[in-house]
Amino acid sequence: MSLNSILNIANSGLAAAQTQLRVVSDNVSNVNTPGYVRKIADQVSVTSQGAGAGVEVARIRLATDRFLQAASLNAGSEASRQGVRYELYDRIQSLFGDPSGDDSFFASVDGVFAAFASAAEDPTSSPYRQEALYKTQALFDEAGRIQTQIQAVREDADGRIQSAVDSANSLLEQIEGLNKEIARGVAVGGDSSGAETAQATLIGQLAELMDIQIQPRTAGGVSIRTTGGALLAGNGYAKLDYARAGTVNAESAFSDIYITEPGGQKRALMDTISSGEIKGLVELRDTEAPAASQRLGELMARVADQLNRAHNANSSVPAPSTLTGRNVGQSLETAIAGFTGGTTVAVTSSAGVIQTSAHIDFSAGTINGTAFTANTFLSVLNTQLGGQATASFDGGVLSFSATAPNGVAIADDAANPSGMPATAPSLKTGRGFSHFFGLNDLVSTDRTAIYETGLTPGASLGFAAGQSLTFRFTDNTGSRLRDVTVAVPSGGTVQNMLDALNSTSGGVGAYGSFALDANGALSFTASGSPAPTMSVLEDTTSQNPSGVSLTELFGIGGGVRASRADGFSIRTDIRQTPTNLALAKLNLSAAAGASALSTGDGRGAQGLANAGQLSSRFAAAGGAMGGSMSVSRYASELAGDIGAKATVASNRNDTAQALYSEASARQTSYEGVNLDEELVLMTTYQQAFNASARLIQAAKDMYDTLLGMI
């Protein structure tokens, strides 16, 4: 071996040792830097014509482990998903208060009925009436506040989705830029570890937004895909697009999040991810928050309905001069059809003495013995009232108006009323005549709240042909499957509309079917596994004469059903004048000239107090099956459901965070800097440097000796 070879070998050793020491120095100086991955200098021997020619550092790389990295990224995605779900659902739970507390929303439901029980003990007490009305209004006000805040949580989630999409776009652009920088470093044999470290940090941030898979590239850098296979970066970078909804309400429809891959292919992002912050926000916004909102709407609708049931069975003292119903969303002919049993419309003086009355026997089709049809109902009824009161129907609303100073009171028949035909109480869809039309409701609402319409397949629907509504179907990931527009067909019957809705060509038959039950309630059953979710995107229909839409009439979709929660309030005249509260029952057996209404009668208040224990038909809402139960029980079950879901969200978050901490700890243990190891390496490379230096000194001495011999 020549002296030049010895010097070259020694110089290569010096250079390699210096590089190794620089790498160790970088590692030690970044021992406390979060996310820093230690560097490793791969040192290899160099040969020339089969003989050793020294050493060199082939490359400087990061001490990464693909499997530990993948485990950490996946755990981070799931932790972010569960974290936002818990954070936002905890806000929803807090809106209802502590379910076990006396001041929670659910406790106030029972408080309303307890207040009416107190009023029943002393029906003439104005403070008791005011207390009952105050608690009732406070309950509906609180329900409206909670509903508004749930939508605010959804709006917050939607805004955070937009921010996450913007962040993802920025991260992808930076990651792809670093890919190019790393590739240039690899091509020239330079040190690209700094860029790789920065890229690893960005990848970790991206993984918190969505679950991803990493594949190293031969040229340097990484290729990134979602777990569903969509290319995010590696040969160009993807672009995510999302347009937030703005102000959010219960019926808001949201846009899809689209991803345009580097090759130009556009697809729905939610089809390709199963975890991450974006996934958690979409789940909360589109599933969990609407479920709570829908169940709240169903509860408040049934509370209002049961209070109205009791209130319609009674009258104030004196009886009101007018009774104005609610919009039933159909013509009088279809609304009257289907009633059975009997009821009495009485005109009373200011002293409560019956001046005249009209007994309506729906089963026999007579009013005071005079036959009527659906078309002649109003004319026959007005004739039998003898001009002392007038019934009218306009815009879907039935009303009665008595001539001054008289009032109008309505009472259903008992099982065997004294002096009257032996009929049962009037009944349709489980509601009496006054209750069905809402003639003496205690609680009013600005929208349709009860969807048992009483319509039959052959009934006239009242919507003009050509009007349409658009449905949106989404899969279990939240991605849109299809928007379907269904036009109102000619023919005009409920069955015609059902056929159009369920058609496989032009209808929703490919995704499920609509069905009408015995009470005229419309329901949708999705088909397939997993079943798609249906919502109403747009509805331009308007029923004649009521003006309500098809969606409002039947409560189609969860959005319109959830929106009921913030529309209830005590009837204005009763709220302003508590004496208008109907606590007395009309006594149809009162002797001639005797009062049929008593100010001391508390049976109406007792009926209101008992309303919370009467069975109601709850519709399926928010994942709950519904069924027959009391409103008090439903409120208790909803309280338990909200609390249980919050607990589950908390447990899942704790578990996900623990797994993420463990995965990160293991990754850090392998990839992080260990000062003891670095000290050993520093000592080793210092000795290697000294050995190379001594080899150079030995070669120098040999040169000097040879030169001295000449």
Judged by atom type as modelled, is there a donor-acceptor pair below 3.5 Å linking the side chain of [X] to the main-chain atoms of [Y]?
X: S293; Y: P290; result: no
X: S12; Y: I9; result: yes
X: T226; Y: A230; result: yes
X: S650; Y: A646; result: no
X: N690; Y: Q686; result: yes
X: S25; Y: L21; result: no
X: S275; Y: S77; result: yes
X: E277; Y: L209; result: no
X: N653; Y: A649; result: no
X: R295; Y: A292; result: no

First locate atom [atom1] of [X], then atom [atom2] of [Y], and finally report the distance between them rounded to the nearest 0.5 Å.
X: Y89; Y: I642; atom1: OH; atom2: CD1; answer: 3.5 Å
X: I259; Y: K239; atom1: CD1; atom2: NZ; answer: 11.5 Å
X: I175; Y: L206; atom1: CD1; atom2: CG; answer: 5.0 Å
X: L269; Y: T260; atom1: CG; atom2: OG1; answer: 11.0 Å
X: Q213; Y: R225; atom1: CD; atom2: CZ; answer: 9.0 Å
X: S479; Y: D271; atom1: OG; atom2: CG; answer: 3.5 Å

Could you pull out the closest heavy-atom pair between [X] and [Y], with the gap in Å?
X: L73; Y: A207; value: CD2-CB, 3.6 Å
X: A16; Y: V55; value: CB-CG2, 3.8 Å
X: G228; Y: R267; value: O-NH2, 3.9 Å
X: A291; Y: K645; value: CB-NZ, 4.3 Å
X: E678; Y: R38; value: OE2-CD, 4.4 Å
X: D256; Y: R480; value: OD2-CB, 3.0 Å

(message) Out of the candidates V536, V486, D539, T485, only one should pair with T470 under the side chain to side chain contact (heavy atoms under 4.5 Å, CB included) rule; please name it.
(response) T485
(message) Against the six-membered ring of Y86, is R652 placed for a cation-pi contact (under 6.0 Å from the centre, within 45° of the normal)?
(response) no
Have [X] and [Y] got a donor and an acceptor in their side chains that come within less than 3.5 Å?
X: Q82; Y: E78; result: yes
X: D26; Y: Y36; result: no
X: Q151; Y: Q147; result: yes

Between [X] and [Y] (salt bridge meaning N to carboxylate O under 4.0 Å), is one present in this structure?
X: R91; Y: D156; value: yes
X: E283; Y: R81; value: yes
X: R160; Y: E87; value: yes
X: R154; Y: D158; value: no

(request) Mind running side-chain contact (heavy atoms from CB on, under 4.5 Å) on D166 and S170 for me, showing each step along the way? (result) CA-CA 6 Å; D166 293 340; S170 176; over 6 Å; no
(request) Kindly determine whether R145 and E142 satisfy salt bridge (Lys or Arg N to Asp or Glu O under 4.0 Å), including the steps that lead there. (result) CA-CA 5 Å; R145 183 192 70 83; E142 183 66 4; 2.6 Å; yes
More than 12 heavy atoms of other groups within 6.0 Å of [X] [atom1]:
X: N235; atom1: CG; answer: no
X: R694; atom1: CZ; answer: no
X: Y237; atom1: OH; answer: no
X: N32; atom1: CG; answer: no

Do [X] and [Y] come within less than 4.5 Å of each other through their side chains, counting heavy atoms only?
X: R66; Y: I214; result: no
X: F106; Y: S636; result: no
X: T477; Y: K279; result: yes
X: I60; Y: V57; result: yes
X: L14; Y: F689; result: yes
X: E671; Y: L62; result: no
X: L284; Y: V153; result: yes
X: F254; Y: V248; result: yes

(request) Decide if the gap between the ring center of Y242 and the ring center of Y258 is smaller than 6.0 angstrom. (result) no
(message) Quick one, D211 with T227, criterion side-chain hydrogen bond (donor to acceptor under 3.5 Å, both in side chains). Give me CA distance, side-chain angles, the key distance, then yes/no.
(response) CA-CA 6 Å; D211 48 319; T227 53; 2.4 Å; yes
(request) Under the side-chain contact (heavy atoms from CB on, under 4.5 Å) rule, what do D65 and Q667 come out as? Steps first, then yes or no, please. (result) CA-CA 8 Å; D65 183 283; Q667 183 183 16; over 6 Å; no
(message) Please determine whether side-chain contact (heavy atoms from CB on, under 4.5 Å) holds for the pair N169 and V165, giving the CA-CA distance in whole Å, both sets of side-chain angles, and the decisive distance to 0.1 Å.
(response) CA-CA 6 Å; N169 283 329; V165 166; 4.0 Å; yes
(message) One pair to check against side-chain contact (heavy atoms from CB on, under 4.5 Å): Y703 and T705. What are the steps and the verdict?
(response) CA-CA 5 Å; Y703 264 115; T705 300; over 6 Å; no
(message) Which label fits Y511 and F473: parallel for a plane angle under 30°, tilted from 30 to 60°, or perpendicular past 60°?
(response) parallel
(request) Just grab all the salt bridge (charged side-chain N to carboxylate O under 4.0 Å, His left out) pairs involving residues 173-183, residues at least two apart or on different chains. (result) none
(message) Using the rule given for side-chain hydrogen bond (donor to acceptor under 3.5 Å, both in side chains), can you reason through Q43 versus Q20, listing the C-alpha separation, both sets of side-chain angles and the distance that settles it, and then say yes or no?
(response) CA-CA 9 Å; Q43 184 171 304; Q20 293 281 14; 3.2 Å; yes
